[in-house]
Amino acid sequence: MEFKRVSPYKFVVEKHGNMRVDALLISSDKLIQYVEKDKALEQLLWVATLPGIVKYSIGMPDIHQGYAFPIGGVGAFFYDGGVVSPGGVGFDINCGVRVIKTNLKYDYIKDSLEELGKTLFKMIPAGLGSTSDYTFSIEESKRAMKLGLEWAVEKGFAKEEDIENIEDNGRLEADPDCVSRHAIERGREEFGTLGAGNHFLEVDKVVEIYDKDLANAWGLYEGQIVVWMHTGSRGLGHQIATDYLDLMRPKMEKFGFKLVDRDSVYFPIQEDLSQRYLLAMGSAANFAWVNRQVLTYFVRKAFSKVFGMDYEKLGMEILYDVAHNIAKQEQYEVNGKLETLLVHRKGATRSFPKGHPKLKGKFKETGQPVLLPGDMKRGSYILVGSEKSIKETFGSVAHGAGRVLSRHQAVKQITFEDVQKELQREGILLYTNDKVVAREEAPLAYKSIDLVVEPIVNEGLANLVARSKPLIVIKG
DNA sequence: ATGTCC
């Protein structure tokens, strides 16, 4: 396939065949080789064929093969004539990342790392099929799905101030009556659970500050201990995706829409079924924010226990929480006109700049934090959204490092002892319920996050603020 | 990602 380089880190495949728009790839000479041999490219071009797509189908530097849409893909659609695609959101609806700050410095906690790791591992339900001690009735679960963070405040899992530090304040428009009983049944035992695969909880040390003013404004500094978590809506979101794919699939034909594979389902936005999907998706998104909030509650408890201090005294405020599997109604200028679009971000993080109407409070003054986790050894980046992302990528950037080895390849090449030794050399403590998952998630199975950040920063889609490295890793 | 295919 012919990529045309249009700037140092931007590549275009011009529209051809059934494509309605071009495909735009944010990448680099080092990364583009991974795309060319991956099914992700085919998927990126397929998204460009969908009705009502605006400007171009976009691939991020961490693009790789997913179901229907590529992971690391962005597609924006006109409400009039456009489509919604459950595969453009992903099975793990509102999979996302949260960072919690502390006022602890590394030197203060370095002798307590093992105790902290053990305490966290005991308190955090992790692994495939993990359930929580906090289970709720169907009715109460539905209230959580409707209210998001407001429900978490009401139940004592959150304090009022947490709300302003979360994308969309932890609540999208939702209607739990659009969610199947089966999906709710799966969700009611999953409040405050980490899950498996690439989901994780980490205690990190801030090792570098790139933007002192912004770091100050956000309360970040070198040597600071911060907590990262990556999880989503668990079985609940997965069930909703499955349900709506099954509901939409047999009805696609009447619009002249054709499947290219089992999950390449899309449906006119204005149809009732699409509206119901979006309200179910909102319910799962709210559930995911509540899930990360209950986990935050556990993390605050664990730190309080180990350091014998109330979590507020430990400065355990949320820095920010981003959704990287989601579809949102947002406004963009298209051909000189302000248009309302449905933006699918699948494995892509919102990157809104200062002054954006959707940002509030201090983030309106600074732009939003963009949280880009790397692998369990090399650490993660905190960036800030920029105006250029609004003009070029519908306010979006990548979502993380992306795999370089498939799960199967990783398990074949890497033993659990290999992973342990590699982390031990760096002084990183690993806790896991599943040694196979640890091998699948080995640092060597991932690209360097530096490679993913490079095109983003050089194209000015987001700007560097800080970098952190893991001390404690908890995996499913 | 996911009670890894009711």
Side-chain angles (χ1 to χ4, degrees), chain A residues 39-40 43 62-73 85-98 125-132 135 141 179-201 229-246 249 261-265 280-281 284-285 287-289 291-292 295 322-327 344-349 373 375-376 398-403 405-412 432-441 445-446 474-476:
Chain A
K39 208 182 165 211
Q43 295 179 326
D62 54 343
I63 191 171
H64 56 284
Q65 183 185 337
Y67 293 114
F69 278 51
I71 297 163
S85 170
V89 170
F91 278 85
D92 190 2
I93 296 165
N94 191 5
C95 188
V97 182
R98 173 176 295 202
L128 191 65
S130 51
T131 57
S132 156
T135 59
S141 300
V179 179
S180 69
R181 172 101 184 183
H182 184 200
I184 302 169
E185 287 281 3
R186 288 182 72 172
R188 55 188 288 271
E189 297 187 318
E190 298 175 320
F191 286 82
T193 62
L194 194 59
N198 62 4
H199 290 166
F200 66 81
L201 190 124
M229 70 171 78
H230 175 216
T231 185
S233 52
R234 311 280 289 103
L236 171 74
H238 194 276
Q239 191 60 50
I240 290 171
T242 306
D243 289 341
Y244 277 89
L245 287 170
D246 288 345
R249 194 183 291 111
D261 59 45
R262 204 185 135 71
D263 302 295
S264 62
V265 171
M281 183 207 73
F287 178 82
W289 275 312
N291 183 30
R292 291 196 283 277
L295 285 165
V322 298
H324 59 220
N325 276 8
I326 198 92
H344 295 66
R345 293 192 184 91
K346 182 183 188 183
T349 310
D375 61 78
M376 62 169 93
H399 83 310
R403 304 192 72 89
L405 296 179
S406 71
R407 292 193 171 133
H408 184 72
Q409 285 172 318
V411 171
K412 237 167 97 177
T432 179
N433 286 316
D434 188 333
K435 290 184 178 178
V436 176
V437 168
R439 291 157 71 191
E440 290 171 348
E441 295 295 310
Y446 279 87
I474 291 170
K475 292 289 294 183

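Atom set for the values below is all heavy atoms of this structure, side chains included, hydrogens, waters and symmetry mates excluded. Sequence lines set the chain letters: A, B, ... in the order given, protein chains first and strands last, and positions in each chain run from 1.
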Nearest-angstrom distance from the residue atom CZ of A:Arg234 to P of B:dT2: 5 Å
Sugar-phosphate, base or nothing in reach of A:Arg407, heavy atoms under 4.0 Å: base
Between B:dT4 (C1') and A:Tyr67 (OH): distance, integer Å: 9 Å
Atom-pair distance (CD1 on A:Ile240; C1' on B:dT2), nearest Å: 13 Å
Exercise: do A:Asp62 and A:His399 side chains pair donor with acceptor under 3.5 Å: yes
Length of the CZ-P vector between A:Arg262 and B:dC5, whole Å: 10 Å
Sugar-phosphate only, base, or nothing, as touched by A:Glu190 at under 4.0 Å among non-hydrogen atoms: sugar-phosphate
Backbone N/O of A:Leu194 and side chain of A:Thr231: donor-acceptor pair under 3.5 Å: yes
Integer-rounded Å distance: B:dT2 P and A:Glu440 CD: 12 Å
Nearest-angstrom distance from the residue atom CD of A:Gln239 to P of B:dC6: 9 Å
Nearest-angstrom distance from the residue atom CD of A:Glu185 to P of B:dC6: 17 Å
Touch class at under 4.0 angstrom, heavy-atom based, for A:His182 against every strand present: base
Residues A:Glu441 and A:Arg403 bridged, charged N to O under 4.0 Å: yes
5' precedence on DNA chain B between A:Gly197 and A:Asp434 (nearest-nucleotide basis): A:Gly197
A:His238 NE2 to B:dT4 P, straight-line distance once rounded to whole Å: 9 Å
Whether A:Ser132 side chain and A:Phe191 backbone form a donor-acceptor pair below 3.5 Å: yes
Touch class at under 4.0 angstrom, heavy-atom based, for A:Ala241 against every strand present: nothing
